[in-house]
Amino acid sequence: MPLLVIRDLHASIGDQEILKGVDLTVNAGEVHAIMGPNGSGKSTLANVLAGRPEYTVTKGSVQYQGHDLLAMPPEQRAREGIFLAFQYPVELPGVRAWQFLKAAMDAQRQHRGLEEMSARDFNRLLQEKVQQVEIDPELVKRNVNEGFSGGEKKRNEILQLALLEPKLALLDETDSGLDIDALRIVAEGVNRSRRPDNAIVVVTHYQRILNYITPDFVHVLMDGRIVRSGGAELALELESRGYDWVKEAVS
Amino acid sequence: MVTPKVISRTTTSEALDQGYKWGFSIDIDSDSAPKGLNEDIVRFISAKKGEPEWMLEWRLKAFRFWLRQKQGEPAWANIHHPVIDFQDIIYYSAPSSKKDGPKSLEDVDPEVRAAFDKLGIPLNEQAKLAGVAVDAVLDSVSVATTYQGMLEKAGIIFCSMSEAVRKHPDLVRKYLGTVVPYTDNFYASLNSAVFSDGSFAYIPKGTRCPIELMTYFRINTANSGQFERTLIVADEGSYVSYLEGCTAPIRKESQLHAAVVELVTLDNAEIKYSTLQNWYPGDKEGNGGVYNFVTKRGKAQGRNSKISWTQVETGSAITWKYPSVILQGDNSVGEFYSVALVNNYQQADTGTKMIHIGKNTRSTIVAKGISAGHGNNTYRGLVKIMPSADGARNFSQCDSLLVGDQCGAHTTPYIEVRNPTAQMEHEASTSKVSDDQLFYCQSRGMSVEDAHSMIINGFCRSIFQELPFEFAMEASQLLKVSLEGTVG
Amino acid sequence: MTQTLTKYAGYHEAFQALESSAPKSTPPWLHELRRQAWSRFQQLGFPTARRGNEKWKYTNVAPIASAAFSHPAALPSGAQPTAGRVKQLGPSAPGWTNLVFVDGHYSPALSTQPGQAPGIVVDNLSKATVSSPQLVQPHLARQAGFEDDGFIALNTAFLQDGAFIHVADNRTAPAMINLLFVTTEGPTPKVTFPRVLVVAGKGSQVSLVETYVSPAKSRYFINTVTEIVVGDGANVEHCRLLLESPEAFHVGNTRVYQGQDSTFTSAGFFRGAALARNDFQVLLDGTGANCTVNGLYLTTDSQHVDHLIGIDHAKPHGTSRLLYKGILDGKSKAVFGGTVMVRKDAQKTDARQTDKNLLLSPDAEVDSKPSLLIFADDVKCAHGATAGHIDANTVFYMQSRGLDLATASRMLIHAFAREVIDTVQAEPLRDYLDGLFSQAMPASSLRFGGTP
């Protein structure tokens, strides 16, 4: 059974239709890259899958592990193993990062019938992950994303990815605004979380991150539809020939 | 004389016991005064407590002044309630099993002890709260004070007000009414006439109180008012951290709580006063609940002295209180840290007054208001800088958080500056829990309710940090319980 | 009631005289309005700082209530100021439309109207009530209700003259409309009741300045009411300037109504007057309305100025910016009571309120109360207040570059004031104000303390 099956997905924000019939199947162990020009609906797709309430699904279906994903509230999707690395991570004034992570961890473990982690065990695990993603250990003592630089925010997302070990990770433009070192660290974090039983969907505008994360499939999203799919070589072609080339090919 | 019928709002709500887990009532015969108030009641209370003549005289002066106050209750606050019939209230109510209060903890009525256990305030020596000396006040009377022996060794006096009047009359006479005179306001006059008990603490020169002092207040008897009086004096160079907790059982009728707290710090002394106020807030329709009309004021009398108020106000149908500091000594410091939460039909009009008199006096105000349900929350604060207060500084920050669209958040700061060398700054903001913040938490697996709770706790963090650790944990829990059912 | 009559005997006689001597042309509805207002005033009287009367917490109007004033029945016969003198009294520029009132009465001789534009009516109110009642009646006394305000009731009872501005839908008033209210020196203290009514139709545009001025040094009482209706999509720029005698009592009420997507910008400048009250209320009653209300006050000696500013957001997506700045010298006292109200329906409101004060003297006092009353949950609201003196380090820095203390501090005070002056769009007016406030900047009683 595929991990994720998207069929003819239409979604709008307000009166504006953004996704106009997306079809996509993701199996465990795969890495997919979704590429496309600005405004093509890439971020919308990632956010709809994570359940952002502003978007309304008007048509189509999404099956996740054989269940109707669209019927689940966002927290249930997270507990079932979906993780969205936000393009613009949100600040939570007064909420310490470690406290936030522990609450998330506890909620997810409880859902799986596991016991809450003791503060000591959690701290040990957190420190381990902090080292893995080369994040400043002070950051987890600070308020969630408050006063973080752009790169720190993105790394904090990858820290959460490493900690929560999702089945399906959706990376929404995680590479944008990163310098080359940060990009490498983020990509290493993603590669480290690659396992045969999970899948990763990388949403990006640029081919750059795909130098570090090799995708099994590349899809081009334009005007709310996937217009072309291929292997890793498609990303390189896009890099050299631009999106206009696909646009012309399609029309 | 026809008195309008009052506070008795009846309720048909079946859900009285839901949501307020502190709402049990103990069945013990209380030794109550009849309803109503006149000079005889004042004399009765004084006699009950075996008070000296001077104390009775002071009460009577206060009572006569209260009667003469034509203006009646203060009208400027943003609160609304039926007219209070002051003749329909029981002014004295004590557990009847002992006449002069328990001689030792073993004498405390087992049922009373069980009640405090249930509140998480154990009174028996074995299970005492570690590192906290507790004075437990049930209705009007102090029922037990723990750790007294240890405190006595350090020269610290911590006892019920009744005991202090008998055993330490000179100290009480010297300071009682010096910060909040009986002429101060309507409720302070009333309290001065009928106060039944409360706590007294005196920290001698150069002594750092080794443990935290705590008073736990509980209103038990129906139709009774609680009028406790607390006086804390920190002599030169001393320090004390004082905690105050309050609960009341669920009653269909509203109950009146009109306390007075006076703090005095002499040169280089510091008092840190923390409150967790969880009086019964009334039911979901706004029936019942405690009217919490309290006068709290500290006088930083000595040079370099410091008074710090921290309060977490989640209970009461109506809260009307302005813990204040008179900054009289040069270089003295006043602080006010507050979280006030209103839900359902609760009303809170609370804040502080910082009166700068001494040179280079400094004050800080951080107030966080949370409004949910149909609650209305008003911050009302005064910063007054007198001509003598050269170099005075104030910083005030008031933030409001709205949960839902039926509530109100109001901020009314009064700033009176009469000295050009003073500097004061006031900032305020109003916001709500944003959809983005909620979605972020949800997308990490948290329920909407947990997400709200976490974000609101974050909003209050800077205040909770000022609380002693156990209190901070409890405050966070209180907030969560108080907000239950408002989201999700 | 008898007591009230005795208490306000002077006003009572004056009211009888006004009504009996009124010209035949006075429309019956105006008589009725005055009578209702007079009867309301008798009930309300002058306000007192009784408990709970937050609006008058810091200001005592007993000196006004207890004094007797004469009521000038017409333009002063002999001693009218000359046109040249009038020009010096307030702002002016070529091309402006000028309406001048002396002791409450319109002076055709001193006023200048360079040509009428179509759809624009600029006239004195006593004439307009007769010549265009269909434009006046629907709006007069509608924004400024006298039910709960004694001063508005009194002004309305004595409503006789003032300015009327009407801009038809989608019209733009071509020139700045300059309203000048002059109070002359007289043998006895007098009272006047100027009234201004501005109606800006849908999508229209108009700029006006109201100036209240006196060449006298003596005592008088001026009780003004200004009503401004800003129609849907209209844009009104407003300036209010007080240059009263140092002995004057000035009580001004301004009521502004804003429709959908309208813009209202106002700047108030206050100098002079023994006691000045500026009660300024804006109601944003249409979605997307936008208002800016600024003020600058300079007080010296024993002056007392009291600003009561209210911004009432009644509809969603409104924006408001309220900035008041005060410079206080001598034994003067300033009161700022700002209230930003966001009603339940006014979601997405963005409101900001600031009051900043500079105290130059040890005897000056400022009482500031910037309130927020919020009933909607999806709003952005902030307020701030500061009080203090000029930063000693900054002064020292300037001194170390060779400036003397007086120059340095005057420069800093001027800079402090400029934030408000710079918000005035019309250049001649802005230059006039800048000149006015740079000359008037005190520096003498400055002293420094606190920071080393």
Side-chain angles (χ1 to χ4, degrees), chain A residues 46-55 72-112 142-146 153 156-157 159-161 163-166 168-170 172, chain B residues 310 312 337-339 341 366-370 397-403 427-467 469 472-473 475-477 479-480 483 487-488:
Chain A
N47 278 283
V48 165
L49 294 176
R52 187 182 278 272
E54 289 101 293
Y55 295 100
M72 300 179 197
E75 64 270 30
Q76 199 187 338
R77 300 182 196 200
R79 292 169 192 178
E80 294 290 349
I82 290 184
F83 177 90
L84 172 66
F86 281 55
Q87 183 179 8
Y88 304 110
V90 179
E91 298 184 1
L92 301 175
V95 178
R96 296 284 192 261
W98 66 263
Q99 173 198 3
F100 173 73
L101 292 172
K102 175 132 191 340
M105 192 84 172
D106 288 346
Q108 300 205 13
R109 287 176 65 92
Q110 196 186 3
H111 183 71
R112 290 174 211 143
R142 283 167 48 189
N143 296 338
V144 178
N145 292 322
E146 207 180 36
K153 283 183 183 172
N156 190 32
E157 294 293 288
L159 172 67
Q160 296 180 25
L161 171 73
L163 196 69
L164 297 172
E165 300 182 336
L168 175 63
L170 308 164
D172 184 9
Chain B
T310 305
V312 176
Y337 299 101
S338 169
V339 167
L341 177 147
V366 182
K368 306 269 182 180
I370 301 159
Q397 187 190 340
C398 305
D399 297 321
S400 304
L401 194 68
L402 292 127
V403 182
E427 286 172 11
S429 73
T430 300
S431 56
K432 66 166 196 166
V433 177
S434 82
D435 294 342
D436 281 349
Q437 289 174 325
L438 281 179
F439 177 62
Y440 191 58
C441 293
Q442 278 180 284
S443 76
R444 298 296 178 258
M446 279 169 246
S447 67
V448 179
E449 210 154 78
D450 285 348
H452 258 106
S453 169
M454 174 169 281
I455 293 163
I456 290 167
N457 260 295
F459 174 74
C460 301
R461 171 177 292 279
S462 56
I463 307 300
F464 290 173
Q465 272 173 348
E466 297 297 325
L467 289 168
F469 183 70
M473 299 290 283
S476 163
Q477 271 305 312
L479 220 58
K480 192 168 175 180
L483 279 168
V487 293

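In this text the structure is predicted, and so the values were computed from the model without any measurement. Labels below follow one simple rule: chain letters A, B, ... track the order of the sequence lines, proteins then strands, and each chain is numbered from 1.
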### Message
Does any backbone or side-chain atom of Asp450(B) lie under 4.5 Å from a heavy atom of chain A? Answer side chain, backbone, both or neither.
### Response
neither
### Message
Only pairs of heavy atoms separated by less than 4.5 Å count here; which of Pro89(A), Pro166(A), Pro93(A) has the most with chain B?
### Response
Pro93(A)
### Message
Side chains of Asn457(B) and Val95(A), heavy atoms from C-beta outward: is any pair under 4.5 Å?
### Response
no
### Task
Please list all pairs passing the salt bridge (Lys or Arg N to Asp or Glu O under 4.0 Å) test where one or both residues lie in residues 87-96 of chain A, with sequence neighbours left out.
Glu91(A)-Lys153(A)
### Task
Determine the option with the most heavy-atom pairs under 4.5 angstrom with chain B, choosing from Gln110(A), Gln76(A), Glu157(A).
Glu157(A)
### Query
Which heavy atom of Gly445(B) sits nearest a heavy atom of Ala107(A), and at what distance?
O-CB, 3.3 Å
### Query
Does the salt bridge (charged side-chain N to carboxylate O under 4.0 Å, His left out) test come out yes or no for Asp436(B) and Arg52(A), once each step is laid out?
CA-CA 9 Å; Asp436(B) 281 349; Arg52(A) 187 182 278 272; 3.0 Å; yes
### Query
So do Cys441(B) and Val90(A) actually touch side chain to side chain, heavy atoms under 4.5 Å?
no
### Query
Which of parallel (below 30°), tilted (30 to 60°) and perpendicular (above 60°) describes Phe439(B) and Phe86(A)?
tilted
### Query
Measuring from Leu49(A):CG to Ser443(B):OG, what's the distance to the nearest 0.5 Å?
12.5 Å
### Message
Quick one about Arg461(B) and Gln99(A) (side-chain donor to acceptor, distance below 3.5 Å, no hydrogens or angles considered), yes or no?
### Response
yes
### Query
So which part of Phe100(A) gets closer than 4.5 Å to some heavy atom of chain B, the side chain, the backbone, both or neither?
both
### Query
Which answer fits Ile82(A), side chain, backbone, both or neither, if we ask what part of it has an atom under 4.5 Å from a heavy atom of chain B?
backbone
### Message
Could you check whether any side-chain heavy atom of Val144(A) comes within less than 4.5 Å of a side-chain heavy atom of Met454(B), counting everything from C-beta outward?
### Response
no
#### Entry: Listed partners of Glu165(A) passing salt bridge (charged side-chain N to carboxylate O under 4.0 Å, His left out), at least two apart
Lys129(A)
#### Entry: Interface moiety of Tyr440(B) toward chain A, non-hydrogen atoms closer than 4.5 Å
both
### Task
Measure Leu84(A) against the heavy atoms of chain B and call it side chain, backbone, both or neither at under 4.5 Å.
both
### Task
Under 4.5 Å heavy-atom distance to chain B, tell me which part of Asp106(A) shows up: side chain, backbone, both or neither.
neither
### Summary
Highest number of heavy-atom pairs under 4.5 Å with chain A among Ser447(B), Cys460(B), Ala451(B), Gly458(B) belongs to Gly458(B)
### Query
Heavy-atom distance under 4.5 Å between the side chains of Met446(B) and Pro74(A), does that happen here?
no
### Task
Using modelled atom types only, decide if a donor and an acceptor are shared between the side chain of Gln108(A) and the backbone of Arg444(B) within a distance under 3.5 Å.
yes
